[in-house]
Amino acid sequence: MSDFKERIAAELTAARSRSIAYTDAEDDLLVRQHSPLMSPLVWDLAHVGNYEELWVLRQAGGIAPLRPEIDEMYDAFRHPRADRPSLPVLGPGEARHYIGGVRGRVLDVLDEIDLHGPDPLHRDGFVFGLVIQHEHQHDETMLATLQLSGQAGLVRDGDLPPAGPPGPAEVFVPPGSFVMGTGTRPWAYDNERPAHLVELPGYWIDRLPVGNRAYADFVEDGGYDDPRWWSGEGLHWLRHGRAFAPLFWRRDGGTWWRTRFGRTEPVPMDEPVQHVCWYEAEAYARWAGRRLPTEAEWERACGWDAEAERALLHPWGDDAPGPGRANLGHRAARPAPLGAFPAGASPCGAEQMIGDVWEWTDSWFLPYPGFRSFPYPEYSEVFFDSRHRVLRGGSWASDPAVVRTTFRNWDLPARRQIFSGFRCARTARPEED
């Protein structure tokens, strides 16, 4: 097996190890639905194997279906998450047996396939990148489900570097054009393509994500009670959801507490705020006299090297993430303190744009000019509806195989069970350009 194929095999193994670790629990926890927003964990477990069978074994390998009778049950577009507990899904033991059988055949296909042929599914291992990223995305979803379960002892934690020294609150991005998206990253999704030129005026963007201390100031200033800061849709969400702070926060005895994977602890004020929805991010930004960045502003601040006139794979360059650059891959079960990764700064000086928390932007999830659906419209195209907002950058739960400066995530603006936060921006005044 070539070195490239061995790297693909290692990535497949890493993704599967996460899936198995996050479902190493009692059967009752795996089959139960912990929130109507999420699937039972056992559904996610079998779904990643079914997806792998559909794309690697059948589409790329030409292998006859192993379990065609379960395809409909694990089709995410046929069954909303709230309905999945009623399905006759595979039990935990049967699901593990099924995905193990699929994986063995996938490795056989990998050994035989030509990764340099004309088939776009085969070329540069695209189909393997597709299933690797898909599984890692479901692994992050599993972590969100485990958080909602409220049960302790299921998710490992780890150590992180300390907060960094004080620095400027915001960094300036001068007016100019940049190349947004990609046409060269072999495992990039269709919604990241094609690369296209975007012209932007000058703007300022926060050097760091908004932290818990700053967000607590907003809450304590009556931010959730003052309609001035909320859009009409935000007020509707606020009044029906009865939110008063980020999800999993509560106040007791003058201290803010949070529940994190079944453990209650004081809210660390030096971490980026997480578990806030788009409406909350928008309201905070308005209260602070700022706004959310567009996704074009976010991507330019994250990965455009104006001096070299090229887009970078990561804020610091094209090298892989390392422990000194970003908090990714479930290194710890929480965001890192603010300023913990100065070596991961982008060319404009913005920090922690990769990892820690997904960052809400002001943009709707829409296609780029010249968009072409590949390999199937249900991945991106069906969500181009001006109902989903774009998130960027990945979180502490995102694997490095998924995260790059061009990667686009999206969700409904009311969602906050995800590991989401934000940073603010503002348009430069004429004298600042």
Side-chain angles (χ1 to χ4, degrees), residues 1-22 48-63 99-140 142 158 182-190 192-193 303 310-331 343-344 354-355 374-375 379 393-409:
M1 188 178 285
S2 69
D3 289 346
F4 182 41
K5 288 185 175 182
E6 287 182 355
R7 289 199 301 273
I8 290 174
E11 291 282 5
L12 286 164
T13 299
R16 183 54 46 82
S17 296
R18 294 185 74 191
S19 300
I20 296 301
Y22 298 154
V48 297
N50 185 246
Y51 189 90
E52 199 168 278
E53 181 190 347
L54 289 170
W55 286 102
V56 178
L57 300 191
R58 300 184 201 175
Q59 295 293 329
I63 295 174
I99 68 172
V102 170
R103 175 53 59 84
R105 291 168 175 81
V106 164
L107 293 174
D108 291 340
V109 171
L110 174 62
D111 193 41
E112 297 295 330
I113 203 168
D114 180 8
L115 301 183
H116 305 289
D119 189 322
L121 274 181
H122 298 189
R123 192 183 310 127
D124 297 316
F126 177 86
V127 72
F128 298 100
L130 182 71
V131 300
I132 288 165
Q133 292 178 98
H134 174 263
E135 185 156 0
H136 278 304
Q137 288 169 291
H138 274 272
D139 291 337
E140 183 163 352
M142 289 181 188
T182 181
T184 59
R185 305 296 181 193
W187 286 6
Y189 284 113
D190 56 3
E192 301 171 62
R193 305 172 186 271
R310 74 178 189 93
L312 306 175
L313 180 61
H314 300 112
W316 53 85
D318 294 339
D319 294 340
R325 287 173 168 160
N327 179 21
L328 289 165
H330 190 175
R331 174 179 176 177
I354 293 290
F374 178 79
Y379 182 75
S395 76
W396 60 266
S398 305
D399 190 83
V402 175
V403 179
R404 48 194 168 266
T405 57
T406 57
F407 186 89
R408 306 172 76 196
N409 191 6

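Note that this is a predicted model, so its numbers are computed, not measured. Residues take their numbers from the sequence shown, with the count starting at 1.
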K.L.:
For Asp124, is there any backbone N or O sitting under 3.5 Å from a side-chain donor or acceptor partner on Trp187?
P.N.:
yes
K.L.:
How far apart are the closest heavy atoms of Ala188 and Thr182, and which atoms are they?
P.N.:
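In this case the closest contact between Ala188 and Thr182 is CB-CG2, 3.6 Å.
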K.L.:
In chain order, what residues pass the ring-ring contact (aromatic ring centres under 6.0 Å, His included) check against Phe4, with sequence neighbours excluded?
P.N.:
none
K.L.:
Whether Arg103 and Asp108 form a salt bridge (side-chain N of Lys/Arg under 4.0 Å from carboxylate O of Asp/Glu) is what I want to check.
P.N.:
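Looking at Arg103 together with Asp108, the answer is no, because their closest N to O distance does not fall below 4.0 Å.
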K.L.:
Would you call Glu11 and Ile8 a side-chain contact if the rule is heavy atoms closer than 4.5 Å?
P.N.:
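Counting from C-beta outward, Glu11 and Ile8 never come under 4.5 Å.
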K.L.:
Is any side-chain N of the basic residue among Arg185 and Glu192 closer than 4.0 Å to the acidic one's carboxylate O?
P.N.:
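Salt bridge: no.
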K.L.:
Could Glu52 and Arg16 be called an ion pair, given the rule that one side-chain N must be under 4.0 Å from one carboxylate O?
P.N.:
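Yes.
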K.L.:
With a 6.0 Å cut-off on the ring centroids, do Phe374 and Phe126 count as close?
P.N.:
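Phe374 vs Phe126: aromatic centres under 6.0 Å.
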K.L.:
Do any N or O atoms from the side chain of Gln133 and from the backbone of Gly129 form a donor-acceptor pair under 3.5 angstrom?
P.N.:
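Yes; judged by distance alone, with no hydrogens or angles, the pair exists.
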K.L.:
Could you tell me which residues satisfy ring-ring contact (aromatic ring centres under 6.0 Å, His included) with Tyr22, sequence neighbours excluded, listed by chain and number?
P.N.:
His330
K.L.:
Is the backbone of Asp319 close enough, under 3.5 Å, to the side chain of Trp316 for a donor and an acceptor to pair up by distance?
P.N.:
yes
K.L.:
Which atom pair, heavy atoms only, marks the closest approach of Glu140 to Ser395?
P.N.:
OE2-OG, 2.8 Å
K.L.:
Could you give the distance from CD (Glu53) to CD1 (Ile63), rounded to the nearest 0.5 Å?
P.N.:
9.0 Å
K.L.:
Side chains of Val131 and Val106: does their closest heavy-atom pair fall under 4.5 Å?
P.N.:
no
K.L.:
What is the minimum heavy-atom distance between Asp139 and Ala15, and which atoms define it?
P.N.:
OD2-O, 3.1 Å
K.L.:
What distance do Leu54 atom CG and His134 atom NE2 have between them, rounded to the nearest 0.5 Å?
P.N.:
9.5 Å
K.L.:
Go through it in stages, so that I can follow the logic: the residues are Asp114 and Arg123, the test is salt bridge (Lys or Arg N to Asp or Glu O under 4.0 Å), and I'd like the CA-CA distance, side-chain angles, deciding distance and then a yes or no.
P.N.:
CA-CA 8 Å; Asp114 180 8; Arg123 192 183 310 127; over 6 Å; no
K.L.:
Quick check: do Val56 and Tyr51 have side-chain heavy atoms less than 4.5 Å from each other?
P.N.:
no
K.L.:
At their closest point, which heavy atom of Val403 faces which heavy atom of Gly394, and how far apart are they?
P.N.:
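Nearest pair, atom of Val403 first, then Gly394: CG2-CA, 4.0 Å.
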K.L.:
Would you mind checking if Arg408 and Asp190 are paired as a salt bridge, meaning a charged N to carboxylate O distance below 4.0 Å?
P.N.:
no
K.L.:
Counting distance only, does the side-chain N/O of Lys5 pair as donor-acceptor with the main-chain N or O of Ile113 below 3.5 Å?
P.N.:
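Yes, Lys5 side chain to Ile113 backbone: donor-acceptor pair under 3.5 Å.
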K.L.:
Within the side chain of Arg331, is there an N or O that forms a donor-acceptor pair under 3.5 Å with the backbone of Pro323?
P.N.:
yes
K.L.:
Looking only at non-hydrogen atoms, find the nearest pair between Gly61 and Val109 and report the distance.
P.N.:
CA-CG1, 4.2 Å
K.L.:
Consider side chain to side chain contact (heavy atoms under 4.5 Å, CB included). Of Leu313, Ile354, Leu328, which one does Pro321 pass it with?
P.N.:
Leu328
K.L.:
Hey, could you give me the OG/CG distance between Ser2 and Leu110, rounded to the nearest 0.5 Å?
P.N.:
7.5 Å
K.L.:
Do you know which two heavy atoms are closest between Leu115 and Phe128, and how far apart they sit?
P.N.:
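Looking at all heavy atoms of both residues, the shortest contact is CD2-CE1, 4.1 Å.
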K.L.:
Keeping the roles fixed (side chain from Arg18, backbone from Ala14), state whether a donor-acceptor pair exists under 3.5 Å.
P.N.:
no
K.L.:
Can you find a heavy atom in the side chain of Ile132 that is under 4.5 Å from one in the side chain of Gln137?
P.N.:
no
K.L.:
Okay, side chain of His136, backbone of Val402: is any donor-acceptor separation there less than 3.5 Å?
P.N.:
no
K.L.:
Just verifying a value: how many Å separate Ser19 OG and Met142 CE, rounded to the nearest 0.5 Å?
P.N.:
4.5 Å
